[in-house]
**Q** 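Submitted below is the structure of interest, expressed as structure tokens.
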Amino acid sequence: MSDIFPKWTNRLPLKIAIGALVVAGTLTAGITYYLTPAYGRVGYQPIQPVPFSHEIHAGQLGIDCRYCHDAVEKSWFSNIPSATTCLNCHNQVLKDDSRLELIRDSAKTGKPVPWVQIHKVPDYVYFNHAVHVNRGVSCVECHGKVNHMDEVRQEKSFTMSFCLDCHRDPAQHIRHPKDVYNLDLEISPEEQKKMGTKFVHDWNVQSLQNCSACHR
Amino acid sequence: MMRYFLLFWLLLCVTVVAIAGFRGSTSRKPPIEIFPDMDRQPKLRPQTTFDFFPDNRSSRAQVPGTIAYTKGTKLGEQEVYPFQDHPFNTGRQAGSTNYVETLPVAVTEQLMARGQERYAITCLPCHGASGDGKGITTKFGMTIVANLHDQRIVRQTDGELFDIITHGKGLMGSYGDKIDVNDRWAIVSYVRALQLARLGAPEDVPADLRAKLPGLSAAPAQK
């Protein structure tokens, strides 16, 4: 028999088992780490047609989010402002700057500025901005500290579990409506719990987890 | 043999990590969607490209000369609709071009608070928190910003202030499409409050509250 199977084959099954374990282990780890929106979507920072800096406008100048995104409290969709909004100031500030060429053109001709959308949910998800901001969910919960981003990048994964984390326990994430647009506000966990629990009770905030809450 | 395989596998892992990087690293390219999963449907979303219309916009601009069909606003007994020639919509007396002297809405604490909030969002960057025309944008090249405490503006009627917010004036753009009608009146009421705060006299304060004014408790209510 020893002529058919040399001695080293004795350890072959063990070697194959170890090899298969290593391969399966690293593949699983790799897929879990890479094939998820936490890797795929987070960090998306496209080059925009106009180098608008949220850090300067919302951060340094302290302009409220709603000066430009004025429909966010009324609509399911938070609008990109019209070019005339920019020109309310930029008809005087940086009046002839070449970086604002597209904006001036757009205001004159009505041709839209080709801004690149960063934050996207699938088309079968019906996220309503107005409902969230009017009930104390701050912009920062989904968009991160945009007021410190020179160029906007996606900070959160926008996976279904990302939404559900909040829907399962809204008290951890809602704040007073007057602070919704104050992205720098730091709330201690105890305070958040106290405040959140009160608001959930007072405003009858429901922990919606049925499919049709978001999917239609 | 085993050793070579493990070495090869390790190198492969290192190569993958070297190329793919870590979570959260910045990418200029849009996320890859491997499985379509009906994520992107051929329906129209707001403010996207749509070739059907000549201007390639999915969101339609309002047809000139039309007014959107909306609910009316209750003013006391009356319900005012946006198409009506009513001071609430125009700031002018019905059937004339004269501005109304005073707000056509009831001034309540609620309205004033709303006005304060809306003023802070829309007006404050240029006109400043106190309305003195020294908002932060004036440090960056805004040249002519009206001081809301100017006698010229104090003397303007409420209707005219409303009209300026709606249609703009001079270098100031129009805010009719950004601020709802009721909110514009709320802002007018708040601007009046700002003006009173600066130009008011102690006598304007109700007698029972006058004693609480700081530094005035000893001063006799006269003049």
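Numbered from 1 within each chain, the chains take letters A, B, ... in sequence-line order. Because only heavy atoms are used, hydrogens play no part in the values below, and waters and symmetry mates are left out as well, while side chains stay in.
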**Q** Which pair of heavy atoms, one from A:Tyr67 and one from B:Lys178, lies closest together, and at what distance?
**A**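 Shortest heavy-atom contact: O-CE, 2.8 Å.
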**Q** What part of B:Ile179 gets within 4.5 angstrom of chain A, counting heavy atoms only: side chain, backbone, both, or neither?
**A**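 Neither the backbone nor the side chain of B:Ile179 comes within 4.5 Å of chain A.
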**Q** Of the listed residues (A:Gly30, A:Ser157, A:Pro114, A:Gly110), which shares the most heavy-atom pairs with chain B below a 4.5 Å separation?
**A**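 Option with the top pair count is A:Gly110.
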**Q** Name the region of A:Trp76, side chain, backbone, both or neither, that has any atom closer than 4.5 Å to a heavy atom of chain B.
**A** side chain
**Q** Just by distance, do the side chain of A:Tyr34 and the backbone of B:Gly21 share a donor-acceptor pair under 3.5 Å?
**A** yes
**Q** What part of A:Cys65 lies closer than 4.5 angstrom to a heavy atom of chain B: side chain, backbone, both or neither?
**A**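 A:Cys65 has no heavy atom closer than 4.5 Å to chain B.
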**Q** Mark yes when over 12 heavy atoms from residues, nucleotides or ligands other than B:Gln62 sit less than 6.0 Å from its CD; otherwise mark no.
**A**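 It does: B:Gln62 CD has more than 12 such atoms within range.
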**Q** Measure A:Arg41 against the heavy atoms of chain B and call it side chain, backbone, both or neither at under 4.5 Å.
**A**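 Answer is both: backbone and side chain atoms of A:Arg41 are under 4.5 Å from chain B.
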**Q** Can you tell which part of B:Val17 gets under 4.5 Å to a heavy atom of chain A, answering side chain, backbone, both or neither?
**A** both
**Q** Which one of B:Lys29, B:Lys43, B:Gln41 has the most heavy-atom pairs closer than 4.5 Å to chain A?
**A** B:Gln41
**Q** Of all the heavy-atom pairs spanning B:Gln47 and A:Phe77, show the shortest one and how long it is.
**A** OE1-CE2, 3.2 Å
**Q** Look up atom CD1 in A:Ile63 and atom CD1 in B:Ile136, then write down how far apart they are to the nearest 0.5 Å.
**A** 8.0 Å
**Q** Tell me if a side-chain donor or acceptor on A:Tyr33 pairs with a main-chain N or O of B:Arg23 at a distance below 3.5 Å.
**A** yes
**Q** Which pair of non-hydrogen atoms, one from A:Gln92 and one from B:Ile144, has the smallest distance, and what is that distance?
**A**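 Residues A:Gln92 and B:Ile144, closest heavy atoms: OE1-N, 3.5 Å.
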**Q** With no hydrogens and no angle check, just 3.5 Å: does a side-chain donor-acceptor pair link A:Asn88 and B:Tyr175?
**A**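 Yes, side-chain donor-acceptor contact under 3.5 Å.
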**Q** Taking the side chain from A:Tyr39 and the backbone from B:Ala20, do they hold a donor-acceptor pair closer than 3.5 Å?
**A** yes
**Q** Closest heavy-atom contact between A:Glu73 and B:Arg118?
**A** OE1-NH1, 2.9 Å
**Q** About how many Å separate CZ of B:Phe5 and CD1 of A:Ile16, when rounded to the nearest 0.5 Å?
**A**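 Going from CD1 on A:Ile16 over to CZ on B:Phe5, the span is 11.0 Å.
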**Q** Quick check: does any side chain N or O of A:Asn91 sit under 3.5 Å from a backbone N or O of B:Leu171, one acting as donor and the other as acceptor?
**A**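 Indeed, once roles are kept as given, a pair shorter than 3.5 Å links the two residues.
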**Q** Let me know if A:Gln154 has heavy atoms under 4.5 Å from chain B in its side chain, its backbone, both or neither.
**A**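 For A:Gln154, neither part sits under 4.5 Å from chain B.
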**Q** As an exercise, state the distance from CZ of B:Arg45 to CD of A:Gln117, rounded to the nearest 0.5 Å.
**A**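 With rounding to 0.5 Å, CZ (B:Arg45) is 6.5 Å from CD (A:Gln117).
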**Q** So which part of A:Leu35 gets closer than 4.5 Å to some heavy atom of chain B, the side chain, the backbone, both or neither?
**A**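 Just its side chain gets close to chain B.
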**Q** In terms of heavy-atom proximity below 4.5 Å to chain B, should A:Lys74 be classed as side chain, backbone, both, or neither?
**A** side chain
**Q** Return the option, out of B:Gly24, B:Pro46, B:Ser59, B:Gly173, with the maximum number of heavy-atom pairs under 4.5 Å with chain A.
**A** B:Pro46
**Q** Measure A:Thr36 against the heavy atoms of chain B and call it side chain, backbone, both or neither at under 4.5 Å.
**A**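 Side chain only.
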**Q** Under the side-chain contact (heavy atoms from CB on, under 4.5 Å) criterion, do B:Thr26 and A:Tyr44 qualify, and how do the steps go?
**A** CA-CA 6 Å; B:Thr26 300; A:Tyr44 178 37; over 6 Å; no
**Q** Please report the closest heavy-atom contact between A:Cys89 and B:Thr137, naming both atoms and the distance.
**A**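 It is SG-CG2, 4.1 Å.
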**Q** Based on non-hydrogen pairs under 4.5 Å, which of B:Ile34, B:Asp37, B:Leu124 is most in contact with chain A?
**A**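 Of the candidates given, the most pairs with chain A belong to B:Asp37.
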**Q** State, to 0.1 Å, how close B:Pro31 and A:Gly40 come at their nearest heavy-atom pair, and which atoms those are.
**A**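 Closest approach of B:Pro31 to A:Gly40: CB-O, 3.5 Å.
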**Q** Where does A:Val116 contact chain B at under 4.5 Å (heavy atoms): side chain, backbone, both or neither?
**A** neither
**Q** Report the option among B:Arg57, B:Met38, B:Glu117 that has the most heavy-atom pairs separated by less than 4.5 Å from atoms of chain A.
**A** B:Arg57
